[in-house]
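Here's the structure, in structure tokens; my notes come after.
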There are 2 protein chains.
Amino acid sequence: MAGRRTDTRERILRVALELFAEQGYDRTSLRQISDRLQITKASLYYHFQSKEEILEAILGEFAERLTNVVAWGRGRPPGPETRHELLRRYSEIITEAASITQSNAFQEFAVATQIRTDVLALLELLTGPDATTAGRLRAQLAIAALHIGLTPGGLTPMPTDDPELPKIALDLAAQLVEGE
Amino acid sequence: MAGRRTDTRERILRVALELFAEQGYDRTSLRQISDRLQITKASLYYHFQSKEEILEAILGEFAERLTNVVAWGRGRPPGPETRHELLRRYSEIITEAASITQSNAFQEFAVATQIRTDVLALLELLTGPDATTAGRLRAQLAIAALHIGLTPGGLTPMPTDDPELPKIALDLAAQLVEGE
DNA sequence: GTCTATAGAGCGATAGAC
DNA sequence: GTCTATCGCTCTATAGAC
């Protein structure tokens, strides 16, 4: 039980995911990864050929699970139970790996604090002071609906070019805050 | 009307926002900004003291408008009309400036294509083949609900530590895909 | 207000010893 | 499998001429 052997690769992936989620991929250096593992930067290259390959390994794991969920869904008759189970299985796989791209990289900026404060105030205005958790989540989704509907090529690609999308998004956002 | 004068600062902000939204802040170099403006990199430093200051100017503009929206909302009696108008005004200000952090920086990876394909397939499973735009948007929001509910410190900070949040998110996601 | 030239630092990646 | 040492590159930022 003296020298470590074959778990280093997995430890690298775990620590890299940690840092990518904290800081974003670009702002994370190989030096930070190796430091946290108490190995040298050069040693990383025994396990991975490049920094990109580390990210691809992480994303690939997520992608594989996602593919399995989709395949499962296609082999089932459509219906509420299938759809609910799809959502549940998707939940399982995002808990780990999904927050890499939407990093917290801008929290250092002073203006980011102001924006966050204002967004929270906006949510409070939309829900009222004693909203339930579900109500607050609906308000967040109302905001998300506007982002999806109004920023082209944003977070997730809307597979449509419906010119009515902005209006539809605003209507749906209104429904969400009114609890309908 | 010979030499340009004071509009350079605004042209820098416009081009920088373009590139930040396309590639993300980190992946955009000052060289790319100055090239697109057909000036030199060094000239940028006459108008801004640092790269961060360019981003802060962009975010600051957005933050100022957001603050005004919140102030307006606070000066109004709560009610459906106020809430709807809040959403409408928020829509107006995000169209430009909001997609900087969630950049398209990972589209180059092969595995990203697979993930996108699978997410689209998942959405199709959730909506059925001939869904309306509103239905597709609801499915997107169902996915967003899971992300918000399950990834701590993600896109937007949920101002709650309700341990029931994951379950509530899943329930709300189910409601969204079932059209309730 | 824009230029040329360059400083100074950090990065990803490689070579080769052990 | 991990190390030391270093290469080559790109980046932000500055100095100083025009």
Side-chain angles (χ1 to χ4, degrees), chain A residues 1-60 100-101 103 105-106 108-112, chain B residues 1-60 100-101 103 105-106 108-112:
Chain A
M1 208 183 257
R4 265 201 197 85
R5 237 169 278 184
T6 43
D7 65 325
T8 306
R9 191 190 148 94
E10 296 194 13
R11 289 173 64 231
I12 292 170
L13 290 178
R14 206 194 62 231
V15 166
L17 174 56
E18 260 174 46
L19 286 164
F20 292 166
E22 283 172 25
Q23 309 177 325
Y25 173 76
D26 290 307
R27 288 172 114 86
T28 302
S29 69
L30 295 179
R31 181 145 209 297
Q32 287 178 296
I33 296 173
S34 61
D35 277 3
R36 196 173 283 198
L37 287 167
Q38 286 179 303
I39 59 175
T40 60
K41 202 174 50 162
S43 297
L44 295 175
Y45 284 89
Y46 176 81
H47 300 277
F48 297 94
Q49 286 192 2
S50 67
K51 184 185 177 186
E52 289 205 354
E53 205 184 271
I54 296 176
L55 178 57
E56 284 185 39
I58 292 171
L59 293 178
I100 299 173
T101 55
S103 78
F106 295 106
E108 68 205 52
F109 290 93
V111 71
Chain B
M1 209 183 255
R4 267 204 195 80
R5 238 170 274 183
T6 43
D7 66 324
T8 307
R9 190 190 149 94
E10 296 194 11
R11 290 172 64 231
I12 292 170
L13 291 178
R14 206 194 63 228
V15 166
L17 174 57
E18 261 174 46
L19 286 165
F20 291 167
E22 283 171 25
Q23 308 177 326
Y25 173 76
D26 290 306
R27 288 171 116 85
T28 302
S29 69
L30 295 178
R31 182 146 209 298
Q32 288 178 294
I33 296 173
S34 61
D35 276 4
R36 196 174 283 200
L37 287 166
Q38 285 179 305
I39 60 175
T40 60
K41 207 174 45 165
S43 297
L44 295 175
Y45 284 91
Y46 177 82
H47 301 276
F48 297 94
Q49 286 191 1
S50 67
K51 183 186 177 185
E52 290 205 354
E53 203 184 272
I54 296 177
L55 178 57
E56 283 185 42
I58 292 171
L59 293 179
I100 300 173
T101 53
S103 78
F106 294 107
E108 68 204 52
F109 290 94
V111 71

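A note on names: the letters A, B, ... follow the listed sequences, proteins ahead of strands, and every chain is numbered from 1. Everything quoted here is computed from the prediction, not taken from an experiment.
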- Message: Measure OH/Tyr46(B) against C1'/dA15(D) and give the value in whole Å, please.
- Response: 17 Å
- Task: Report the nucleotide, chosen from dC3(D), dC11(D), dG12(C), that has the shortest atom-to-atom distance to any side-chain atom of Thr40(A).
- Result: dC3(D)
- Item | Contacts of Glu53(B) that satisfy side-chain contact (heavy atoms from CB on, under 4.5 Å) - sequence neighbours left out | Phe48(B), Gln49(B), Ser50(B)
- Task: Provide, to the nearest angstrom, the distance between the CG atom belonging to Leu37(A) and the C1' atom belonging to dC3(D).
- Result: 15 Å
- Message: How many whole angstroms separate atom CD1 of Ile12(B) from atom C1' of dT2(C)?
- Response: 11 Å
- To the nearest 0.5 Å, what is the distance between CD1 (Ile39(B)) and CD1 (Ile33(B))? 9.5 Å
- Item | Positive for side chain to side chain contact (heavy atoms under 4.5 Å, CB included) with Phe20(A), one of Leu59(A), Val15(A), Leu55(A), Asp26(A) | Leu55(A)
- Task: Indicate, with a heavy-atom threshold strictly under 4.0 Å, whether Ser29(B) touches base, sugar-phosphate, or nothing.
- Result: sugar-phosphate
- Task: Using whole Å, report how far CD1 of Ile33(B) lies from P of dC11(D).
- Result: 11 Å
- Arg27(A) side, atom CZ; Leu19(A) side, atom CG - distance, nearest 0.5 Å: 13.5 Å
- Query: About how many Å separate CG of Leu30(B) and OG1 of Thr40(B), when rounded to the nearest 0.5 Å?
  - Reply: 11.0 Å
- Calculate the interatomic distance between Asp35(B) atom CG and dT10(D) atom C1'; express it in whole Å. 14 Å
- Task: Measure the spacing between CZ of Arg36(A) and CD of Glu18(A) and express it to the nearest 0.5 Å.
- Result: 5.0 Å
- Message: Just the rounded figure in Å: distance from P of dT10(D) to CG of Asp26(A).
- Response: 16 Å
- Checking all strands, does Thr28(A) fall into the base, sugar-phosphate, or nothing category for heavy-atom contacts under 4.0 angstrom? sugar-phosphate
- Task: To the nearest Å, give me how far apart CZ (Arg31(B)) and P (dC9(D)) are.
- Result: 15 Å
- Nearest non-hydrogen partners of Tyr25(B) and Lys51(B), listed with the distance: O-NZ, 3.0 Å
Please enumerate all protein N or O atoms sitting under 3.5 Å from an N or O of nucleotides 13-18 of chain C, with distances to 0.1 Å.
unit_1  : atom_1 : unit_2   : atom_2 : d
dA13(C) : OP2    : Tyr45(A) : OH     : 2.9
dA13(C) : OP2    : Lys51(A) : N      : 2.8
dA13(C) : O5'    : Tyr45(A) : OH     : 3.3
dA13(C) : N6     : Lys41(A) : NZ     : 3.4

- Item | Gap between atoms NE2 and P, on His47(B) and dA13(D) respectively (whole Å) | 16 Å
